[in-house]
Amino acid sequence: MAYLQDGKPIRLGDFARMAAKGEKIASLTCYDSSFAALLDRSGVELFLVGDSMGNVLQGHGSTLPVTLEQVEYHTASVLRGTRRAMVMADLPFGSYQESREQAFRSAARLMAAGAHMVKIEGGAWLAETVRFLVERGIPVCAHIGLTPQSVNTLGGYRVQGARPEGAARLEADAKALEEAGAALCVIEMVPAALGAAITAACPRMPTIGIGAGPDCAGQILVLHDMIGVYPGRTARFTKDFLAGAGSIDAAIAAYVAAVKEGRFPAPEHCY
Ligand SMILES: Nc1nc(=O)c2c([nH]1)NC[C@@H]1CN(c3ccc(C(=O)N[C@@H](CCC(=O)O)C(=O)O)cc3)CN21
Ligand SMILES: CC(C)C(=O)C(=O)O
Ligand SMILES: [Mg+2]
């Protein structure tokens, strides 16, 4: 299939073109050079150097202890293994919430480490920060729904936007972030119908779902969850693709194919 054979580097505009054509975007977290090379040759188009490294690499119970220095280090490592995929890096907790100037300073460090784009957790309150970064040359992926850096105010890792008021607020957040210039938007742990509604409402900002249903423009999972090596509690939106696949290469290829063909997520992974 074309998506596995096309070796040209992915560019930012490719995601909007894919979304418009209905070609699903396959994304995974990635933290090191060896996995970057493996994921890249298996057709994963978008890597996230996620602050989930706090959980899966460091053994913490949340993403809050992860530092900007750590994300820089892993971003530089991932870049050395990447040829085709776009690499985005999470702005960690405490590196952007203070001001748009603080956000720019932190994002500039991730871009200097090699990131092609940064990801930032929050709703409409972040729109002016998104615009500030985009105007200054930094592509931004928004992240709404369950925002794990806010686990202490959300009261746990639970589904967001399940009631009408919450759903309306998340849709308004998405529209504000699209208007501010966000190039992509991760939507985490919301009802599948809300993932579909936000995707339809924001045609200029392709959505990347994790526990947000099959109608998002793309899907993302934490690498360690989808190869079954994370020893902690995993959410129902994850799937172990290594079980029955025989090799890590085959597991990644199975994930890419399942996303591209609309077979993942299945109803049992949705809310
Ligand atoms: N390994 C890993 N995978 C992730 O998906 C992930 C991280 N780490 N770290 C950052 C956040 C935290 N996330 C989480 C963590 C736990 C649940 C979870 O346990 N969900 C349960 C219900 C929990 C409850 O209601 O008490 C579920 O069934 O989905 C969900 C998302 C998602 N992100
Ligand atoms: C779960 C994804 C979206 C993330 O932000 C991370 O891995 O840090
Ligand atoms: Mg994250």
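Note that this is a predicted model, so its numbers are computed, not measured. We count ligands from 1, going down the list as the structure has it; atoms in each ligand are counted the same way.
Among Glu121, Gln102, Gln149, the one residue that satisfies the side-chain hydrogen bond (donor to acceptor under 3.5 Å, both in side chains) test with Tyr96 is Gln149.
Annotation: ligand 2 has protein neighbours Thr29, Leu48, Gly50, Asp51, Ser52, Asp90, Lys119, His143, Val186, Ile210, Val222, each with a heavy atom less than 4.0 angstrom from the ligand.
For Arg100 and Phe104, the positive end is not near the middle of the six-membered ring at less than 6.0 Å and at most 45° from its axis.
In the candidate list Met53, His60, Arg233, Arg233 is nearest to atom 26 (O) of ligand 1, counting heavy atoms.
Backbone and side-chain nitrogen or oxygen atoms of Asp225 are examined, and one is located within less than 3.5 angstrom of a nitrogen or oxygen of ligand 1. Geometrically, ligand 1 and Asn55 share a nitrogen or oxygen pair separated by less than 3.5 Å. Some N or O of Tyr271 is nearer than 3.5 Å to an N or O of ligand 1, by distance alone. The distance criterion of under 3.5 Å between nitrogen or oxygen atoms is not met by Ser52 with respect to ligand 1.
A salt bridge does not link Lys119 to Asp51: none of the charged nitrogens lies less than 4.0 Å from a carboxylate oxygen. Under the 4.0 Å criterion applied to side-chain N and carboxylate O atoms, Lys260 and Glu23 are assigned as salt-bridge partners. Arg105 and Glu101 are not joined by a salt bridge, as no carboxylate oxygen comes within less than 4.0 angstrom of a charged side-chain nitrogen. Salt-bridge check for Arg83 with Asp40: failed, with every basic side-chain N at 4.0 Å or more from each acidic carboxylate O.
Put simply, the side chain of Ile144 does not reach to within 4.5 Å of the side chain of Val186, judged on heavy atoms. For the pair Leu146 and Val159, the minimum side-chain heavy-atom distance is 4.5 Å or more. Side-chain contact between Pro139 and Met111 is present, with heavy atoms from C-beta onward closer than 4.5 Å.
Grouping the Ile, Leu, Val, Met, Phe, Trp and Tyr side chains by contacts below 4.5 angstrom, directly or via other members, places Val222 with Leu242.
For atom 11 (C) of ligand 1, the nearest protein heavy atom (residue, atom name, distance) is Pro148 CG, 3.5 Å. Remark: minimum distance from atom 6 (C) of ligand 1 to any protein heavy atom is reached at Val222 CG2, 4.1 Å. For atom 13 (N) of ligand 1, the closest heavy atom belonging to the protein is Glu188 OE2, 3.8 Å. For atom 27 (C) of ligand 1, the nearest non-hydrogen atom of the protein is Arg236 N, 3.5 Å. When hydrogens are left out, the protein atom nearest atom 10 (C) of ligand 1 is Thr63 CG2, 3.6 Å; that is the closest non-hydrogen contact.
Residue Leu221 does not touch ligand 1, judged by heavy-atom distances below 4.0 Å. Residue contacts with ligand 1 for Tyr157 involve both N, CA, C or O and side-chain atoms from C-beta outward (heavy atoms, distance under 4.0 Å). Residue contacts with ligand 1, taken as heavy atom pairs separated by less than 4.0 Å, involve Ala235 via backbone and side-chain atoms alike.
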Take Met53 and Gln70 through the side-chain contact (heavy atoms from CB on, under 4.5 Å) test and state the conclusion after the steps.
-> CA-CA 9 Å; Met53 70 175 69; Gln70 291 163 354; 4.2 Å; yes

Between Arg169 and Glu165, does a salt bridge (Lys or Arg N to Asp or Glu O under 4.0 Å) hold up when you go through it step by step?
-> CA-CA 6 Å; Arg169 185 178 45 76; Glu165 318 83 75; over 6 Å; no

Begin with the C-alpha distance, continue with both residues' side-chain angles, and end with the deciding distance and a verdict on side-chain contact (heavy atoms from CB on, under 4.5 Å) for Val71 and Arg109.
-> CA-CA 10 Å; Val71 181; Arg109 282 176 54 178; over 6 Å; no

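Each of the atoms 1 (N) of ligand 1 lies under 4.0 Å from some heavy atom of Val56.
In summary, the aromatic rings of Phe264 and Phe241 are positioned with their centroids under 6.0 Å apart.
Counting heavy-atom neighbours within 6.0 Å of Tyr73 OH, excluding the residue itself, gives a total of 12 or less.
With waters left out, the protein N, O or S atoms under 2.8 Å from the Mg ion (ligand 3) add up to 2.
Ligand 1 is approached by Leu146 to a heavy-atom distance shorter than 4.0 Å.
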